[in-house]
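Just the heavy atoms: all of them, side chains too, but no hydrogens, waters or symmetry mates, feed the values below. In what follows, chains are A, B, ... by sequence order, proteins preceding strands, each numbered from 1. This is a predicted model, so every value here is computed, not measured.
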Number of protein chains: 2
Amino acid sequence: MVLRRDLKKQQTRDALVDAALRLAAERGLDHVTVEEISAEAGVSGRTFFNYFATKDDALLDERPGDVARMRRSLTELLPKMPVLPAIHRSLLIFIAAMEADRERWVLRMRAIEKTPSLLPRLINTGAQAELETARLIADHLGVDAAGYPALVVGVTGAAFRVALIRWATAPDGALSLGALVDEAFTSLAQGLRDPGRP
Amino acid sequence: MVLRRDLKKQQTRDALVDAALRLAAERGLDHVTVEEISAEAGVSGRTFFNYFATKDDALLDERPGDVARMRRSLTELLPKMPVLPAIHRSLLIFIAAMEADRERWVLRMRAIEKTPSLLPRLINTGAQAELETARLIADHLGVDAAGYPALVVGVTGAAFRVALIRWATAPDGALSLGALVDEAFTSLAQGLRDPGRP
DNA sequence: GCAATCCTTTCAGTCACTGCAAACTTAATA
DNA sequence: TATTAAGTTTGCAGTGACTGAAAGGATTGC
């Protein structure tokens, strides 16, 4: 049952994210106050912090549900194939969610261009999440999580983000995120050979 | 010529970094004020911000000189070998600097354990720097910086940081950072194959 | 010694963020 | 429906990061 309460909360959250993205893409997040964002969304400044722990978080707006689904998918796939392709396939969940949400990602990138100090935050949204994913792989392989599992998770995360940035900064939908991720994983599987070499 | 002024500045900077590391490793950075750090270092609170833009920066304490040297080394090596080993060798500069500074890195890790929100900051200290390194490689290869160059720089950066974290959290010098980085780059060159597979 | 330059400090101000308690809205129960 | 319980929003007061400007002190070049 969908309660009116939950619906309203979702609406408020969306309004805050939209306001934050719009204003930050325009002026840069430094030149936008929480008060302004909240006013734009029709709530008080205090309420903003009922939804997001920091001002930055409204810009990044992670969905914890996606992470959980990704991890479940990975658990299923690991017994069936090597680690690298298993991660690749699990990422389809994020890819779909992001391609359906391209406009927001474009705004996000515009905001980051104006306020580069946000880049690290975007780049490593999932630092904590990655540790847990590494543990998942470690359990599967029966090895220490700090070795190969941490490496493969960190590296594929980086590859994914590079593709994401390229996709979100490319002119109007010229590239598919899925294709860019495929390309990156292919290069990874081939040992990052120089392009145009055997 | 080394001026007294520059010497004093370096001393103050070091004192601030040491104080920040010591206090943050003890209590977590959230429970340390800039006033305290500054007092510990014998300067006013305002002076802290003459050295570091944010409180976090005192903990991370990047040396811009190292980045410049690394980049110069990379420029020299690129014509002589493929990109991946060239990056690997250029990183020796960082590796040497960090192995000579292990105590601080251990404190850093202890601080990050107490305040995990710092992890993203550490993980992506070099977001901006990485972009420029990618451009270097793009010029060498004659390709678009957003493609392979961004990928290889992002990925090797991630691999390096995984090794760094493993090294700095390992019990008392049990592992050499250089060896861990070698291991990571070997795995990268082999396409991140599952450990214990052909 | 004098002047120019660079650093530090003080001060006042903005704004992110927090805990608390009151006001209000929605849901559950009788 | 009337009442109670639960969840949400809000104002308020407070801490502390960070900034700009101006004044005071130290260091350097002459």
Is there a side-chain contact between A:Lys55 and the phosphate of C:dC17, meaning an N or O under 4.0 Å from OP1 or OP2?
no
Inter- and intrachain pairs under ring pair (Phe, Tyr, Trp, His ring centres under 6.0 Å), touching residues 57-81 of chain A, at least two apart
none
Show every side-chain hydrogen bond (donor to acceptor under 3.5 Å, both in side chains) that has at least one partner inside residues 173-184 of chain A, sequence neighbours left out.
A:His88-A:Asp182
Could you check how far CG of A:Leu7 sits from P of D:dT8, rounded to whole Å?
13 Å
I need the CZ-C1' distance between A:Arg13 and D:dT9, as an integer number of Å.
17 Å
Which donor-acceptor pairs under 3.5 Å do side chains of residues 52-59 of chain B form with protein atoms, sequence neighbours excluded?
from    : atom 1 : to       : atom 2 : distance (Å)
B:Thr54 : OG1    : B:Asp56  : N      : 3.4
B:Thr54 : OG1    : B:Asp57  : N      : 3.3
B:Thr54 : OG1    : B:Asp57  : OD1    : 3.4
B:Lys55 : NZ     : B:Leu29  : O      : 3.1
B:Lys55 : NZ     : B:Val32  : O      : 2.9
B:Asp56 : OD2    : B:Arg121 : NH1    : 3.3
B:Asp57 : OD1    : B:Arg121 : NH2    : 2.8

Output side-chain donor-acceptor pairs under 3.5 Å for residues 12-24 of chain A, partner residues at least two apart or in another chain, one line each.
from    : atom 1 : to       : atom 2 : distance (Å)
A:Thr12 : OG1    : A:Lys8   : O      : 3.0
A:Arg13 : NH2    : A:Asp61  : OD1    : 3.3
A:Asp14 : OD1    : A:Gln10  : NE2    : 3.2
A:Asp18 : OD1    : A:Arg104 : NE     : 3.2
A:Asp18 : OD1    : A:Arg104 : NH2    : 3.0
A:Arg22 : NH2    : A:Glu40  : OE2    : 2.1

Judged by atom type as modelled, is there a donor-acceptor pair below 3.5 Å linking the side chain of A:Asp194 to the main-chain atoms of B:Val83?
yes
Looking at residues at least two apart in the chain, or sitting in another chain, which of them share a side chain to side chain contact (heavy atoms under 4.5 Å, CB included) with B:Ala86?
B:Leu74, B:Leu77, B:Leu78, B:Met81
Could you tell me the separation between the NZ atom of B:Lys9 and the P atom of C:dT9, rounded to a whole number of Å?
13 Å
Would you say D:dT8 has OP1 or OP2 under 4.0 Å from some side-chain N or O of A:Tyr51?
no
With respect to the phosphate group of D:dA26, does any side-chain polar atom (N or O) of B:Lys8 fall under 4.0 Å of OP1 or OP2?
no
Set of residues satisfying salt bridge (charged side-chain N to carboxylate O under 4.0 Å, His left out) with respect to B:Glu113, sequence neighbours excluded:
none
Residue pairs involving residues 141-164 of chain B (criterion ring pair (Phe, Tyr, Trp, His ring centres under 6.0 Å); sequence neighbours excluded):
none
How long is the line joining CZ of A:Phe52 and P of D:dT9, in whole Å?
12 Å
Do any N or O atoms of the protein come closer than 3.5 Å to N or O atoms of nucleotides 2-5 of chain D, and which pairs are they?
none

So if I take residues 20-50 of chain B and measure heavy-atom distances to DNA chain D, which residues fall below 4.0 Å?
B:Val32, B:Thr33, B:Val34, B:Arg46, B:Phe49
